[in-house]
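In what follows, a structure is listed as structure tokens, so that the remarks can point back to it.
These numbers were taken from a predicted model, which means no experiment stands behind them.
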Amino acid sequence: MTIRLYDTSARQIRDFTPLTPGQVSIYLCGATVQAAPHIGHIRSGLNFDIMRRWFAYRGYDVTFIRNVTDIDDKIIAKGADQGRSWWSIGYENERAFNAGYDALGCLPPTYEPRATGHVPEMIEMMRGLIERGHAYEADGSVYFDVRSFPGYLQLSNQDIDDLRQPTEDGITGKRDPRDFAMWKATKAGEPDWETPWGRGRPGWHLECSAMAHKYLGSAFDVHGGGLDLIFPHHENEIAQAKAFGDDFASYWVHNAWVTMAGEKMSKSLGNSVLVSEMVKNWRPIVLRYYLGTPHYRSMIEYSEESLREAESAFARIEGFIQRATEKAGKDVAPAAEVPPAFAEAMDDDLGVPHALAIIHTTVRQGNSALAADDKDEAIARLAEVRAMLGVLGLDPLDPHWAEETGGGEELHGAVDTLVRLVLQQRESARERKDWATADAIRDQLNQSGLAIEDSPDGPRWTLGNR
């Protein structure tokens, strides 16, 4: 089956046809590093990590660009408020974003360009747009003339006569209030670069058009980002790039938000949940399951209850993997291919919820095989489950997750020794028919986040509900 994606520009799901057979080029609008990331920020990177993994599974050679916006009004303002240099704010938060991506198992991008490293490319694009009559200089700033580009607003499906660009403080010299700044004239105390039109700094929209052109050329396959970027950011990117002469992106894919109380998670609203804090209280693989298993175009309403449900659901998968691995007596490699139903779900606009249902069905089949002492069947289901989880970046036996708790195998071994001592006490209580003590020990272990299962080979423990 052909991979199909919902294309925002077409407002429908389309068959995916790459520009170059066997290759896929993806540009994702990455972090604007004025603050540390919350889970809403990381969701975008995670959704496109799953897209990238699926393209790779389907045999494509993937080039994945995820940029860093390290010069921006908010970064400059944050530096001024804190009495720090703007670049130190940006670098600190860039590292926090990368730590968040890594913690949740996102593969590193092919390239991760910073905006400040590509001013020459921006100047080249502005020069070309001015020469073609699509941009103009005024009071040291450079603006894009939106009425010069007939295709403007096709992505967001707006009427230009009703349009108002977001307010830009200190902007002067616009011919039309709808025109947007590609380059902002220098201000006292702000970083600036030399250009043919005077010193200044880049506008947000110009940065991505120039970096996409440099790393992916005049045409590429997929441009991604959050829904909030459709306008003005992506609309303005398209105008710049196409007016410059690029074909730009063939498909536009946008992920939905993580919300709290129905509102988009945002630092400005004070309702964000920082990744650095979340990973102290929740296993990163559980956070990945929570953020990555809803459909990428569906909103996620954040709550601890829903996170606990995700933790419980993943524990059922992980419990089967542990029991089946013990039954096999050796590591069982992932199957060479995922089940056809799983592949069909993923091909259909990255239908992770349906694909996840296939995983849980396979886990139930595997558990039935274990209960019937059918070793071969259990091992076959284990191989399938690992293959499917691998595509989603959720295989708990993958080396990435081996040390997710911070202590790795050594910590697990220490905990295992301590838990087994407690379980021995429980077994002694059971042998003398002291059921109250045995049940109390089990309840205390459950309250500590450990699930105890009695099996023919003796009790075993796994991480369960908190």
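Here the options are Leu394, Leu392, Thr293, Val338, the test is side-chain contact (heavy atoms from CB on, under 4.5 Å), and the partner is Ile359; only Leu392 passes. Just one residue in the list Leu206, Asp73, Asp192 forms a side-chain contact (heavy atoms from CB on, under 4.5 Å) with Lys184, and that residue is Asp73. Looking at Glu207, Met211, Lys214 one by one, the single match for side-chain contact (heavy atoms from CB on, under 4.5 Å) with Glu121 turns out to be Lys214.
Using a 3.5 Å distance cut-off with no hydrogens or angles, the side chains of Asp349 and Tyr296 do pair a donor with an acceptor. Side-chain contact check for Ser156 and Gln158: at least one donor-acceptor pair (N or O, by modelled atom type) lies under 3.5 Å. With 3.5 Å as the limit, one finds no donor-acceptor pair spanning the side chains of Asp221 and Ser250. In this model, a donor atom of one side chain and an acceptor atom of the other lie less than 3.5 Å apart for Asp179 and Tyr136. Using modelled atom types, one finds a donor on one side chain and an acceptor on the other under 3.5 Å when comparing Ser9 with Asp7. For Glu384 and Thr362, the side-chain atoms include no donor-acceptor pair closer than 3.5 Å. The closest side-chain donor-acceptor pair between Asp347 and Trp54 falls under 3.5 angstrom. With no hydrogens or angles considered, no side-chain donor-acceptor pair links His205 and Glu235 at under 3.5 Å. The closest side-chain donor-acceptor pair between Thr116 and Asp70 falls under 3.5 angstrom.
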Requested in this report: Quick one: do Ile50 and Val352 satisfy side-chain contact (heavy atoms from CB on, under 4.5 Å)? Show the steps, please.
Outcome: CA-CA 9 Å; Ile50 292 173; Val352 175; 4.2 Å; yes

Query - From CA spacing to verdict: side-chain contact (heavy atoms from CB on, under 4.5 Å), Asp246, Lys242 - result: CA-CA 5 Å; Asp246 290 354; Lys242 291 197 170 184; 5.8 Å; no

**Report entry** Check against ring pair (Phe, Tyr, Trp, His ring centres under 6.0 Å), Phe180 and His233
**Finding:** CA-CA 10 Å; Phe180 61 87; His233 185 49; 9.9 Å; no

Requested in this report: Evaluate the criterion side chain to side chain donor-acceptor pair (under 3.5 Å) for residue pair Asn255 and Ser44; output intermediate values, then yes/no.
Outcome: CA-CA 6 Å; Asn255 65 277; Ser44 180; 3.0 Å; yes

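Around the CZ atom of Arg114, the shell of radius 6.0 Å holds no more than 12 heavy atoms that belong to other residues, nucleotides or ligands. No more than 12 heavy atoms of other residues, nucleotides or ligands shown are found within 6.0 angstrom of CD on Glu305. Atom OH of Tyr91 is surrounded by 12 or fewer heavy atoms from other residues, nucleotides or ligands within 6.0 Å. Within a 6.0 Å radius of CZ in Arg95, other residues, nucleotides and ligands contribute 12 heavy atoms or fewer. In this structure, Asp159 places its CG atom where more than 12 heavy-atom neighbours from other residues, nucleotides or ligands lie under 6.0 Å away.
Side-chain atoms of Arg288 come within 3.5 Å of backbone atoms of Gly393 as a donor-acceptor pair (strictly under, hydrogens ignored). Proximity of a side-chain donor or acceptor of Arg11 to a complementary backbone N or O of Leu155 within less than 3.5 Å is detected. Using modelled atom types, one side-chain atom of Ser141 and one backbone atom of Ala185 make a donor-acceptor pair closer than 3.5 Å.
Atoms CE and NE2, on Met260 and His38 in that order, are 10.5 Å from each other to the nearest 0.5 Å.
Residues His41 and Tyr101 keep their aromatic ring centres 6.0 Å or farther apart. With ring centers used as reference points, His354 lies 6.0 Å or more from His295. Checked against the 6.0 Å centroid criterion, the rings of His213 and Phe244 qualify as a close aromatic pair.
Ring geometry for Phe16 versus Tyr60: interplanar angle over 60°, hence perpendicular rather than tilted (30 to 60°). Between Phe248 and His223, the ring-plane angle classifies as tilted under the 30° and 60° cut-offs. Below 30°, between 30° and 60°, or above 60°: for Tyr302 and Tyr290 the angle between ring planes is above 60°, a perpendicular geometry.
Residues Pro37 and Leu274 fail the side-chain proximity criterion, which asks for heavy atoms closer than 4.5 Å. Side chains of His360 and Leu356 form a contact here, defined as non-hydrogen atoms less than 4.5 Å apart. Side-chain contact between Met126 and Trp197 is present, with at least one heavy-atom pair separated by less than 4.5 Å.
Geometrically, Arg66 does not engage Phe48 in a cation-pi contact, judged by NZ or CZ lying under 6.0 Å from the ring centre and within 45° of the ring axis. A cation-pi arrangement, defined by a distance under 6.0 Å to the six-membered ring centre and an angle within 45 degrees of its axis, is absent between Arg175 and Tyr143.
A pairwise comparison of heavy atoms in Pro396 and Glu318 identifies CB-OE2, 3.6 Å as the closest pair.
Using a 4.0 Å cut-off between a side-chain N of Lys or Arg and a carboxylate O of Asp or Glu, Arg386 and Asp395 qualify as a salt bridge. A salt bridge links Glu277 with Lys280: at least one charged nitrogen is closer than 4.0 Å to a carboxylate oxygen. Salt-bridge formation is not detected for the pair Asp145/Arg147: no Lys NZ or Arg NE/NH1/NH2 atom is positioned less than 4.0 Å from an Asp or Glu carboxylate oxygen. Residues Glu92 and Lys78 are not paired through a salt bridge, judged by the lack of any N-O separation under 4.0 Å between the basic side chain and the carboxylate.
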